[in-house]
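Following: one structure in C-alpha cells, then a few remarks.
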Amino acid sequence: MVPARLVTMEVIIQPNQEAAAALVARIVARELRSNPHLVLGLATGQTMECVYRHLVRLHQTEKLDFSLCRTFNLDEYVGLFPSDPNSYRHYMNHHLFRHVNVDPRNTYLPNGLAADLDEECRRYESAIKRFGGIDLQLLGIGKAGHIGFNEPLSALRSRTRVKALTPTTLKQNASTFGGEENMPRRAITMGVGTILECRRCILLATGASKANVISRAVEGPITSMISASALQLHARSTVIVDEDAAGNLVEKDYYRWIFANEPEWEEYR
Ligand code: GLP
C-alpha cells in the first residue's frame, strides 16, 4: 500500500548527470535488497548507461545480488537479431546482464523476430502478469516525449504492441545505425497502460536537450502527444533530472524543498 502522501509525481533535481544516475541506482539497490525477488523494469538509451555502470559497481563492491530478480525491458526493435549491436538485448547484455549475477533465463525482452508479432505482444503482457507485475520500472524519455517507444498519440491505456517510429525518434537514434536508412521503422513496446500498472516508476532525464520535453511531461497537461505526461496519473512516479534537464521547470524551488525535507528521501540526501 502506498502511503497517501506519496500518491504524487515527485521531481528530484541533482547537480549533474553522474549524481542523477547514482541516485537511480541507489533506489534500485534499496528495492532489490528489501525484495530479492523484485520484478525490475528496465530501459535502454544513452541516459541509462550511467545507471547500469553504477549498478555493476554496486554488485562488484557491495555484493548487490541480482540472482533472484526478474527483469522486463520496455521495448525492442522489430527485425534485429539479439547479436545485432543495435538490438536492445545486445545493449542489456553489454551494459548490465553479463556483469552481474542475474540469471539470463530471468531476463525478458520482447522478441522482435517473432513470426507473429501481435501474439508476441500478448505473450509479453502475460509473462509480466505471471510474475506478479513490475515492482519498479526505470524509464528514459525520448525527445518526442515517449516512454518506451510510445510515440505521440499512443493511447494512455495502450498495452504492449508494435509501434511505428516517428521521424524525431528515427533521427534521435540513427547515429548508432550509421544513418536512418539502416534503422528498423518499428518496435515492440510496452504500452502506456502497461507502464502505468507498474508499482513504482522512476524516469531519468539528463542534459539540456531534454529540458523542453521534461517541462512538458512534468508541468504540462496530460496528453497522448507526450506519453511521459501520463506519469502524472501514476500513484508513485519519480522524475530524476540533472540541472540541465531541469532548466525549464517552473517549480524547481518546491521540488528542491520536498527532496530536502521529506523523511522518505533522508537516506538519499
Ligand atoms: C529510446 C528508448 C526509450 C528511451 C530513449 C531515450 O528511444 N526506446 O525507452 O527513453 O531511447 O534515449 P536516450 O537516453 O539515448 O536519450
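The chain is numbered in sequence order, starting from 1. Both counts, for ligands and for their atoms, begin at 1 and track the order of listing. Only a predicted model underlies this, so the values are computations on that prediction, with no experimental measurement involved. Just the heavy atoms: all of them, side chains too, but no hydrogens, waters or symmetry mates, feed the values below.
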**Report entry** Verdict with supporting geometry, T169 and E151, side-chain hydrogen bond (donor to acceptor under 3.5 Å, both in side chains)
**Finding:** CA-CA 8 Å; T169 300; E151 300 287 41; 2.6 Å; yes

Query raised in the report: Would E243 and R256 satisfy salt bridge (Lys or Arg N to Asp or Glu O under 4.0 Å), going step by step from the backbone distance to the final call?
Result: CA-CA 11 Å; E243 290 286 353; R256 287 192 219 280; 3.0 Å; yes

**Report entry** Over 12 non-hydrogen atoms of neighbours within 6.0 angstrom of CZ in R33
**Finding:** yes

Report task. May I have all residue pairs that pass ring-ring contact (aromatic ring centres under 6.0 Å, His included) and include part of residues 97-135, sequence neighbours excluded? Result -> F72-Y108, F72-Y124, Y108-F131

Query raised in the report: With R89, which of T44, T107, D84, N111 fulfils side-chain hydrogen bond (donor to acceptor under 3.5 Å, both in side chains)?
Result: T107

Query raised in the report: Measuring from each atom of ligand 1, which residues have a heavy atom under 4.0 Å away?
Result: T44, G45, Q46, T47, D75, Y88, G140, I141, H146, G148, F149, Q172, N173, K210

Query - Test item: N182 side-chain N/O and F177 main-chain N/O as donor-acceptor pair under 3.5 Å - result: yes

